[in-house]
Amino acid sequence: MLVAVSGCSRNGDTDTEPDDLAVTATGTTSTAAAAAGTGGVVLPLPGSPFDYQLGGGYPPPPGVTVVARDRTDRLADAGYDICYVNGFQTQPAESASFAAANPDLVLRVDGEPLVDPGWPDEYVYDTSTDAKRSALAAVVAPWIERCGSDGYEAVEIDNLDSYTRSNDMLSADDNLALARLFADTAHRAGLAIAQKNTADRAGELRSAGYDFAITESCIEFEECADYTEHYEVVMDIEYTDELGRDSFDRACADTDPALSVILRDHDLVKPDDEAYVFDSCRS
């Protein structure tokens with residue numbers, strides 16, 4: 001079951017105020033608040049059962065209708081497909097080649113690319129100027145567009161919070177400016193776009209055209225309300241090495257029905273790996 005947000009045409013030729021947008025679910029139309037410019041995209045229904053498969057695609061668990069996979073992976077075809085794009089840092093396998101080809105588009109310390117301390121094979125993009133943001137948007141745009149041509153319904157942009165790992169060389173405003181360019185690209189491609197993490201910026205991103213949220217550990221860090229205040233659709237991944245099994249089971253009993261929550265292993269491995277864990281509050 002999907003929610004279609006209608007308003008502006010996909011090519012952006014028609015301007016529509018937020019109050020004119022409508023949400024349609026299984027043929028029922030109602031008024032819903034939405035940022036101008038998000039028209040023509042399709043959203044999952046609130047509370048849809050989902051899976052997060054960034055470690056590699058596999059047949060979704062029974063009942064799952066929404067699946068997120070890496071942009072290089074195939075569609076899950078379970079009902080609604082979300083395409084993962086790393087929009088603010090390099091992908092591990094591409095870090096060296098990207099930095100060599102685009103030396104001015106990664107942050108540098110003493111001449112060396114600045115790495116994400118949590119993911120030391122990812123370099124942080126330099127979003128500090130309009131010119132650099134435009135260049136980065138031109139790099140990422142074909143990835144987003146390919147998600148659309150491959151049949152995905154939505155895109156999620158990761159590492160919006162890279163400014164927190166930039167040694168104070170970047171600001172939140174730098175990354176939000178680039179995030180707006182990504183939203184414009186996604187909507188031109190007919191894709192919904194999901195905010196990924198960065199709870200304290202949810203209101204700004206919603207106003208910038210982001211359509212729903214994919215969050216990590218919002219129960220663990222008590223951030224879920226920061227997202228549900230602004231988005232009708234919020235999908236949360238909790239992890240076994242953070243919230244844990246016992247706390248997950250207790251949290252499910254108190255979870256907002258509109259919030260989709262799953263428990264996954266830290267590395268998001270496939271079911272044939274002994275470390276694999278998947279559970280859902282909808283199970």
Side-chain angles (χ1 to χ4, degrees), residues 52-57 68-75 81-152 154-189 191 193-198 201 205 208 210 214 216 237 266-269:
Y52 205 56
Q53 299 186 359
L54 301 192
R69 287 181 174 176
D70 186 80
R71 66 181 176 84
T72 62
D73 213 336
R74 299 186 304 171
L75 299 177
D81 290 281
I82 301 170
C83 185
Y84 170 93
V85 172
N86 196 345
F88 292 87
Q89 298 182 178
T90 59
Q91 284 291 79
E94 302 164 357
S95 294
S97 59
F98 182 90
N102 305 278
D104 295 332
L105 297 184
V106 295
L107 289 178
R108 293 181 179 271
V109 176
D110 296 328
E112 295 299 320
L114 178 67
V115 301
D116 179 339
W119 299 94
D121 46 6
E122 294 188 15
Y123 301 158
V124 177
Y125 289 160
D126 186 349
T127 64
S128 61
T129 68
D130 285 339
K132 291 183 178 184
R133 290 191 290 268
S134 295
L136 287 165
V139 169
V140 176
W143 304 343
I144 295 174
E145 292 161 354
R146 177 66 182 269
C147 292
S149 63
D150 283 348
Y152 284 90
V155 61
E156 63 159 314
I157 305 293
D158 201 9
N159 287 308
L160 171 66
D161 62 348
S162 67
Y163 60 89
T164 66
R165 302 180 290 277
S166 71
N167 291 355
D168 295 324
M169 290 186 284
L170 302 177
S171 70
D173 288 342
D174 292 331
N175 279 18
L176 286 168
L178 181 55
R180 293 185 186 94
L181 299 180
F182 292 151
D184 291 342
T185 299
H187 292 148
R188 285 197 301 270
L191 295 167
I193 186 167
Q195 174 181 344
K196 177 70 173 295
N197 295 328
T198 321
R201 300 292 172 172
L205 287 159
Y210 281 68
I214 294 176
E216 292 177 299
I237 306 99
H266 178 83
D267 292 323
L268 302 171
V269 299

Undergrad: Calculate, to the nearest 0.5 Å, the distance between atoms CD1 and CG belonging to I237 and L54 respectively.
TA: 7.5 Å
Undergrad: Heavy atoms, side chains only, cut-off 4.5 Å: are F88 and D158 in contact?
TA: no
Undergrad: Indicate yes or no: at least one non-hydrogen side-chain atom of Q91 is less than 4.5 angstrom from one of F98.
TA: no
Undergrad: Any donor and acceptor pair, going by atom type alone, linking the side chain of R74 with main-chain N or O of G57 inside 3.5 Å?
TA: no
Undergrad: So T90 and Y125, do their side chains get closer than 4.5 Å, heavy atoms only?
TA: yes
Undergrad: Going by heavy atoms in the side chains, are R165 and P117 under 4.5 Å from each other?
TA: yes
Undergrad: Might you point out which heavy atoms bring G111 and R108 nearest each other, and give the distance in Å?
TA: O-NH1, 3.0 Å
Undergrad: Under a 4.0 Å threshold between the charged nitrogen and the carboxylate oxygen, would R133 count as salt-bridged to D174?
TA: yes
Undergrad: Counting C-beta onward and ignoring hydrogens, is there a side-chain heavy-atom pair between I193 and I144 closer than 4.5 Å?
TA: no
Undergrad: Does the D70 side chain pair with the main chain of T72, one donor and one acceptor, at a distance under 3.5 Å?
TA: yes
Undergrad: Is it true that a side-chain atom of Q195 and a backbone atom of N197 form a donor plus acceptor pair closer than 3.5 Å?
TA: yes
Undergrad: Going by the side-chain contact (heavy atoms from CB on, under 4.5 Å) test, name the single residue among V115, N167, T127, V124 that passes it with L107.
TA: V124
Undergrad: Is there a side-chain contact between D73 and Q53, using heavy atoms and a 4.5 Å cut-off?
TA: no
Undergrad: Please tell me if the side chains of E216 and K196 come closer than 4.5 Å, counting only heavy atoms from C-beta onward.
TA: yes
Undergrad: Donor-acceptor pair, R69 side chain versus D81 backbone, under 3.5 Å?
TA: no
Undergrad: Please report the shortest heavy-atom distance between A99 and V106, naming the atom on each side.
TA: CB-CG2, 4.3 Å
Undergrad: Can you classify the ring geometry of H266 versus W119 as parallel (below 30°), tilted (30 to 60°) or perpendicular (above 60°)?
TA: parallel
Undergrad: Check A137 against L181 and note the closest heavy-atom contact, atom names and distance.
TA: CB-CD1, 3.8 Å
Undergrad: Is a donor on one side and an acceptor on the other found under 3.5 Å between the side chain of D161 and the backbone of T198?
TA: no
Undergrad: Between Y210 and A183, which heavy-atom pair has the shortest distance, and what is it?
TA: CE1-CB, 3.7 Å
Undergrad: Would you check if the side chain of S95 reaches a backbone N or O of D121 as a donor-acceptor pair within less than 3.5 Å?
TA: yes
Undergrad: Which heavy atom of D150 sits nearest to which heavy atom of R71, and what is that distance?
TA: OD2-O, 4.5 Å
Undergrad: If you define the side chain from C-beta out and look only at heavy atoms, does anything of N159 sit under 4.5 Å from N86?
TA: yes
Undergrad: How far apart are the closest heavy atoms of S162 and Q89, and which atoms are they?
TA: CB-OE1, 3.6 Å
